[in-house]
Amino acid sequence: MKKPSSKIREEIARLQDQLKQAETREAERIGRIALRAGLGEIEIEETALHAAFEEIAGRFRGGQKAIGAASGKRYAAGSASAGTSTAPVEAGASQGIGGDA
């Protein structure tokens, strides 16, 4: 039996709401970690911060990093460029992150 289109639309709307809620939870989690690391106090362009987050994501995925929005370069995991930061990091900035896993 096929579902009527109205039921499919209802299911899509429900799934879109679930997706929005999941993205909000994830954004809040990442935001809390970033604030504890001191990123809220650093003046940095959004494109540079986005590129730095892409590098971090690539490192934890273990695969090749996607093309960076700010740099336009590809980095392989473990390459000399993959670990470099696009912005200076203050000493002790990573303290306090261990609580979220």
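Sequential numbering from 1 along the given sequence is applied to the chain's residues.
Other residues, nucleotides and ligands contribute more than 12 heavy atoms inside 6.0 Å of the CD atom of Glu10. More than 12 heavy-atom neighbours from other residues, nucleotides or ligands sit within 6.0 angstrom of CD on Gln18.
Interatomic distance, Ile30 CD1 to Leu35 CG, rounded to the nearest 0.5 Å: 11.5 Å. Distance check, rounded to the nearest 0.5 Å: NZ of Lys3 to CZ of Arg9 gives 13.5 Å.
Connection of Ile56 to Ile42 is established within a shared hydrophobic cluster, with ILVMFWY side chains joined at heavy-atom distances below 4.5 Å, either directly or through further cluster members.
Annotation for Leu49 and Leu39: closest pair CD1-CD1, 4.2 Å, computed over non-hydrogen atoms.
The shortest side-chain heavy-atom distance between Ile8 and Ile12 falls under the 4.5 Å cut-off.
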